[in-house]
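Because the structure is predicted, anything quoted here is derived from the model rather than measured. To find a chain, count down the sequence lines: A is the first, B the second, and so on, and within it residues start at 1. Just the heavy atoms: all of them, side chains too, but no hydrogens, waters or symmetry mates, feed the values below.
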Protein chains: 2
Amino acid sequence: MNIRDVAQRAGVSISTVSRVLNDTGYPVKPETRQRVLEAVEELGFRPNDLARGLHLKRTRTVGLVIPDITNPYYPELALGVEATASGEGYSVIFCNTNRRAEKLEHYVDVLLQKRADGIIIAGGGTDFSPVSQVLSDFDIEAAVIGRHNLPFPSVQIDNVGAAYEATSHLVELGHERIAFISGPLSLTSVQDRLNGYREALRRRGIERDDRLVREGDFQPESGYSAARSLLQGSVRPTAIFAANDRMAIGAMAAAFDLGMEVPEEVSIVGFDDITMASYVRPALTTVSLPGYEMGASAMRLILKLISGKECPRVTWLPAELVVRDSSGPPPRSDGSPIRKGGVEDKI
Amino acid sequence: MNIRDVAQRAGVSISTVSRVLNDTGYPVKPETRQRVLEAVEELGFRPNDLARGLHLKRTRTVGLVIPDITNPYYPELALGVEATASGEGYSVIFCNTNRRAEKLEHYVDVLLQKRADGIIIAGGGTDFSPVSQVLSDFDIEAAVIGRHNLPFPSVQIDNVGAAYEATSHLVELGHERIAFISGPLSLTSVQDRLNGYREALRRRGIERDDRLVREGDFQPESGYSAARSLLQGSVRPTAIFAANDRMAIGAMAAAFDLGMEVPEEVSIVGFDDITMASYVRPALTTVSLPGYEMGASAMRLILKLISGKECPRVTWLPAELVVRDSSGPPPRSDGSPIRKGGVEDKI
DNA sequence: AGCTTTTCAGAAAAGCTTTTCTACATTCTA
DNA sequence: TAGAATGTAGAAAAGCTTTTCTGAAAAGCT
């Protein structure tokens, strides 16, 4: 079942069928066109994209490389990529790396072999240098999300600023012992968040205490155990800022399990603003990231690059602190919590 | 940069390069092989999968069709598909439908044109008949997840049984007014869960009250508003069973916002066992689905079909009720809650 | 040494599409 | 009416790989 069968059935040549299907070349005579269309319909012909791509040297396919689709921030992003890709007739190949360098390299090879037109790399953490060399050598456009210092256009949020703001929010509430649960420190985005946190403390004249910094892995369990150990430790923090919402929610669970009230006894702030952040109780104060939009922007970047247009080296997208109920003033120095009054009191 | 360049550089013929690369045909003499491999290395040659697929008539590509990647149950499933696919050298094209029939049809066309070897359709809800006709007409293997009554092998869990079990759990705790927040009723899986719920009530001699059944859309917001209206309604339930965890967590938030204790005043049970179900407080009692395994099984099914092996029409996977802290006995008839004692009391 | 068998390599076709170039009708112009 | 211009169609090449078939060289046998 190929274009030849269609041509035969319509009593025209292969070229004519192709011209009808692609609306290319000179305009085909209406009745001929009609015959072709009918033949296509009757035979249920689907042009072979392999042969097409082979000839045209583009496949309308992009790869989306993601560290961990299980982290609810990434599906959002993937959706942004998929929606704008499919809106432009592109398909996306889903590549999950589990933050393993070899899986990244594997997928780069795969995408190169499949002659993908573009590749979007989200997150990161793994060493990029070998990969970026390869990508530059081949005819494939690349964009990265959430990473800078790379030879590709990127979509970014201001991690330093956002972490600074979140930390400042806590300082302004009166907190002085503010813990930070980071993600994997190998990630530049995590380093940036850590720097923002430290900078906020420094500017407010709060002495840095590295016993209050723990390295997590973005999984809720790591937030849980870090918070548990912080809250039972010798320098008990009155607030915890976690580098993502899943760890923050883990931290909330730890506080709960230790019988501590949030935010009366510990404030907790997250990062990402995943859907669940709004539905957890108390609702999580967090930094809201435009996940969908980041994916969509990256895909738009790729589309531009493919069509040979200029495109900005860095696209900055806004992150915004959204204050909900998990952050409040610290307990008084005697340790007694300041209770909130108002609408959310028990009936 | 193609196989011809490699052949030239290695001083051999194209055929020999192909044989070396694919380990096919007769064994190539070691030194010739060495020369070819060196040439490949030096030139950074990547065989063109389009040309390959064109000839071989298989692409080592499968499509994964998902209703809503934003629902945390699906990333799990996608991961299962991706991991087993990539383990066998397959790539997966990510297709998000938003439960729209036309997007499903669009993606089927795309996959057909790309000559994907297989297609995995998860969830569903949209009418399948046009699509299943097309799929049978073409040379593509198909498997479905979470749907039966379809002319393709499927991976299933026993939705009726699982909902029955969850409801029974609540009945056994002493609940009689048990509400059900469903997903979209067009989904067979949702109908099954509803039937399981009803069957459990029937068997226990509890009269069915359809005022306690609300149709949600699997989003937390719908769980929140359904629960809110139920808990403020005239026939206030003592327990709520939601058709997925996101709605259950929404329901928990509603209870909290109404100043009601979970589980002392309302028990809440979910479905899916997403990661957050364990970290929400109180931890959510829910039906645990093997999301990853369902994805992996479906992919294995496809692999079997591709290699021409027989494969079971239906693969049943176990769902299991996991009882956590969001379900307990109903409040006494005077309305006063039964409080739990023990480890979770405040320090 | 002369023959058969084995080992290894290359030529060429096939797989399906797009596109350029050639060619035939038809219509218009002088 | 002869010729040019225009409109429409087909033939064929190119894009890259796999695989079959043919063939040459090396090895084995009597």
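Of the charged side-chain nitrogens involved, at least one lies within less than 4.0 Å of a carboxylate oxygen, so that B:Asp23 and B:Arg33 count as a salt-bridged pair. In this structure, B:Arg46 pairs ionically with A:Asp109, as a charged nitrogen and a carboxylate oxygen lie closer than 4.0 Å. Ionic pairing of B:Arg99 and B:Asp68 is not present here: no N-O contact between side-chain nitrogen and carboxylate oxygen is shorter than 4.0 angstrom. A salt bridge links A:Glu293 with A:Arg300: at least one charged nitrogen is closer than 4.0 Å to a carboxylate oxygen.
The residue among A:Leu54 and B:Val28 whose nearest nucleotide of DNA chain C is located toward the 5' end is B:Val28.
A heavy atom closer than 4.0 Å to some atom of DNA chain D occurs in no member of residues 110-119 of chain A.
Between A:Gln8 atom CD and C:dT17 atom P there is a gap of 13 Å when expressed in whole angstrom units. Here D:dA14 presents its P atom at 13 Å from CG of B:Asn2, a figure rounded to the nearest Å. Atom CZ of A:Arg46 and atom C1' of C:dC16 are 17 Å apart (whole Å). Rounded to an integer number of Å, the gap from CG of A:Asn48 to C1' of C:dG15 is 8 Å. Look at CG on A:Asp49: it is 10 Å from P on C:dT17, rounded to the nearest Å. Atom CG in B:Asp5 sits about 9 Å away from atom P in D:dT17, given to the nearest Å.
The pairing partner recorded for D:dT17 is C:dA14, the criterion being a Watson-Crick or G-U wobble arrangement whose two distances lie under 3.5 angstrom. The partner of D:dT30, taking Watson-Crick or G-U wobble pairs whose two distances both stay under 3.5 Å, is C:dA1.
Put simply, the side chain of A:Thr24 never gets that close to the backbone of A:Asn22: no donor and acceptor are under 3.5 Å apart.
Of the candidate nucleotides C:dA9, C:dG10, D:dT17, C:dG10 has the atom lying nearest to any side-chain atom of B:Ser13.
For the pair B:Lys57 and C:dA14, the criterion of a side-chain N or O lying under 4.0 Å from OP1 or OP2 is not met. One finds no side-chain N or O of B:Lys29 lying less than 4.0 angstrom from the OP1 or OP2 phosphate oxygen of D:dA26.
Applying side chain to side chain contact (heavy atoms under 4.5 Å, CB included) to A:Ile121 and the options A:Leu64, A:Val144, A:Ile66, A:Thr97 leaves one that passes, A:Val144.
With 3.5 Å as the limit, one finds a donor-acceptor pair spanning the side chains of B:Thr16 and B:Ser13.
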Exercise. Can you give one letter per nucleotide of nucleotides 18-27 of chain C, going 5' to 3': B for a protein heavy atom under 4.0 Å from the base, S for sugar-phosphate only, - for none?
Worked result: BBB-------
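Other residues, nucleotides and ligands contribute more than 12 heavy atoms inside 6.0 Å of the CG atom of B:Asp5. Remark: A:Lys103 NZ is packed, more than 12 non-hydrogen atoms of other residues, nucleotides or ligands lying under 6.0 Å away.
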